[in-house]
> 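So that we are looking at the same thing, I have put the structure below in structure tokens.
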Number of protein chains: 2
Amino acid sequence: MRKEVKDNETKTKIINAARKLFSEKGFDGVSMEDIAQASGVRKSLIYYYFPSKEVLFEEIWINVIDELENDIFSEIEGESNITRVIKKLIKKYIEFVMNKSEISKLIARERMNVLDGDNQMGNAKLKYVGLMKKIENVFEKGKQEDVLNDIEPSAATEMISAVDSIHKKSVLKNIEEFLMRVILKEKVEH
Amino acid sequence: MRKEVKDNETKTKIINAARKLFSEKGFDGVSMEDIAQASGVRKSLIYYYFPSKEVLFEEIWINVIDELENDIFSEIEGESNITRVIKKLIKKYIEFVMNKSEISKLIARERMNVLDGDNQMGNAKLKYVGLMKKIENVFEKGKQEDVLNDIEPSAATEMISAVDSIHKKSVLKNIEEFLMRVILKEKVEH
DNA sequence: GTAAAATTTGACCGAACGGTCAGTAAAATT
DNA sequence: AATTTTACTGACCGTTCGGTCAAATTTTAC
């Protein structure tokens, strides 16, 4: 029992330090020595737990996309009314960007590399594309039930996903209303 | 006369090669040797023309933000009808992202570093912030003339600027209509 | 308590990085 | 034509990079 906790502790320290640094400076802007110092361990210890920088990054990426996915879909899971589902999805995505800026910055920074890069990080790409597909499926359902306001599900998905690039976080609540108003046929009340 | 052309030619080759590479891999992901090889010159010759990697990047950044600004504002310059101004602004921004993907990818990749980084690249930040302010002023004018649809000028500006992060370019025309429809009170005709 | 397993460390590696500088060739100036 | 200036080169620099590995230390299993 005590060993279990200790094992996770070092690996977790490394992951958390790396996540913060990747979020601040991007994958290429952070060295393994930077991560080691921020974790309070030696660089070679990182290689004990992770075979390479890429594998460390990929694990972090998959964790953060998981976290985003869980934040959104755990909220909309029991809901059957598609309009309400879409509202909750938009709301949760914006809240995520507002409240978990470390993660949303990491996604904003590294999305392009993950999507356009070589096949080295194929699992990272699959994870991200999988989540986007899942979100798009919600909009497809909205389209089928005729609650969408003449926007393609893929366009709605891309608009949502671009929100993490917005620099001025103070406008995010305004943008949330904006998105709901435009995506949904139903008039939005406050 | 002949010298003038030749001077510009080498420097221009370096700038163009660097721009392309920075757009593909980001500032930190590209080495000066990469740029040298892509330019067909020696690395030390880059240092003959530019004192550092940062200065090279800054010049490129300022050029691309200039180009974006010119594309947008040269189109709306003679227009006095604010609704038409806003429509043209949105249209030109989307067209820029669609047609000049090297530049829009560069902006998407490096915006966060430029805005959040240290003061080393203060001119790059000033340039970008200046353009965003200029765009926001257009929306402010729209607000004053009551053609905006209950969206804050700063939120509209941020939505527009996030468009360069959109990965799936095929949806951009749909998003253009989307943005016009929701930003402007007037109903949009095709 | 002891041996084995797991974790951690320090020293090291070759390659890559941003950058420097003396020398040379070409172009421009006198 | 001689001299000066400009453009370019190759070799080099110290530092940093991702990564390796034997040894030391700590933890676990019995």
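Just so it is clear: chains get the letters A, B, ... in the order the sequence lines come, proteins before strands, and each one is counted from 1. In this text, all values refer to a predicted model and were calculated from it rather than measured experimentally.
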> The side chain of B:Lys43 is closest to which nucleotide in this list: D:dA7, C:dG10, C:dG18?
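That would be C:dG18.
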> Given that both distances must come in under 3.5 Å, which nucleotide forms a Watson-Crick or G-U wobble pair with C:dC21?
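Pair assignment: C:dC21 / D:dG10.
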> Calculate the interatomic distance between A:Glu9 atom CD and D:dT27 atom P; express it in whole Å.
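Taking atom P of D:dT27 as the reference, CD of A:Glu9 is at 11 Å.
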> Could you check how far CD of A:Glu33 sits from C1' of C:dC13, rounded to whole Å?
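Checked: the CD to C1' distance equals 15 Å.
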> Mind calculating the distance between CE (A:Met32) and C1' (C:dA16) to the nearest angstrom?
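It works out to 17 Å between those atoms.
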> Expressed as a whole number of angstroms, how long is the span from A:Leu45:CG to D:dA22:P?
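It is 17 Å, rounded to the nearest whole Å.
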> Who is the Watson-Crick or G-U wobble partner of C:dT30, with both distances under 3.5 Å?
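Its partner is D:dA1 (Watson-Crick or G-U wobble, both distances under 3.5 Å).
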> Quick check on C:dG10: is either OP1 or OP2 less than 4.0 Å from any side-chain nitrogen or oxygen of A:Arg42?
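Checking A:Arg42 against C:dG10: at least one side-chain N or O falls below 4.0 Å of OP1 or OP2.
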> Choose from C:dA11, D:dG10, C:dT8 the nucleotide whose nearest atom is closest to any side-chain atom of B:Ser44.
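The nucleotide sitting nearest to the side chain is D:dG10.
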> Is a donor-acceptor pair below 3.5 Å formed from side chain B:Lys53 to base C:dG19, judging by atom type as modelled?
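By the distance-only test, no, there is no pair.
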> Just by distance, with hydrogens left out, do B:Gln144 and B:Glu140 show a side-chain donor and acceptor under 3.5 Å apart?
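Absent: no donor and acceptor within the cut-off.
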> How long is the line joining CD1 of B:Ile46 and P of C:dT20, in whole Å?
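Going from CD1 in B:Ile46 over to P in C:dT20 covers 13 Å.
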> I'd like to know whether NZ of B:Lys169 has more than 12 heavy-atom contacts from other residues, nucleotides or ligands below 6.0 angstrom.
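It does: B:Lys169 NZ has more than 12 such atoms within range.
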> For A:Phe57 and D:dG19, give me the distance from atom CZ to atom C1', rounded to whole Å.
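It works out to 19 Å between those atoms.
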> Would you say A:Thr10 reaches C:dT8's phosphate, i.e. side-chain N/O to OP1/OP2 under 4.0 Å?
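Looking at the OP1 and OP2 atoms of C:dT8, one of them is under 4.0 Å from a side-chain N or O of A:Thr10.
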> Does D:dG19 have its OP1 or OP2 closer than 4.0 Å to a side-chain nitrogen or oxygen of A:Tyr47?
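Yes, because at least one side-chain N or O of A:Tyr47 sits under 4.0 Å from OP1 or OP2 of D:dG19.
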> B:Asp28 has an atom CG; how far is it from atom C1' of C:dA16, in whole Å?
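For the pair B:Asp28 CG and C:dA16 C1', the rounded distance is 14 Å.
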> On the nucleotide C:dC21, are OP1 or OP2 found under 4.0 Å from the side-chain N or O atoms that B:Tyr48 carries?
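B:Tyr48 to C:dC21 OP1/OP2: no side-chain N or O under 4.0 Å.
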> C:dG19 P sits how many Å from B:Leu56 CG, rounded?
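Distance, rounded to whole Å: 10 Å.
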> Only pairs with both distances under 3.5 Å count, Watson-Crick or wobble alike; so what is the partner of D:dT26 in this structure?
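In the structure as shown, D:dT26 has C:dA5 as its Watson-Crick or wobble partner.
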> Could you check whether A:Ser31 gets within reach of a base, just the sugar-phosphate, or nothing at all, counting any heavy atom under 4.0 Å?
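Sugar-phosphate, no base atom in range.
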> Just by modelled atom types, is the A:Val171 backbone N or O under 3.5 Å from a matching donor or acceptor in the B:Glu158 side chain?
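No; judged by distance alone, with no hydrogens or angles, the pair does not exist.
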> Are a donor atom and an acceptor atom from the side chains of A:Arg109 and B:Asn113 found within less than 3.5 Å of each other?
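Judged by distance alone, the side chains do pair up.
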> Would you say B:Lys127's side chain and B:Gly122's backbone share a donor-acceptor pair under 3.5 angstrom?
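Such a contact is absent between B:Lys127 side chain and B:Gly122 backbone.
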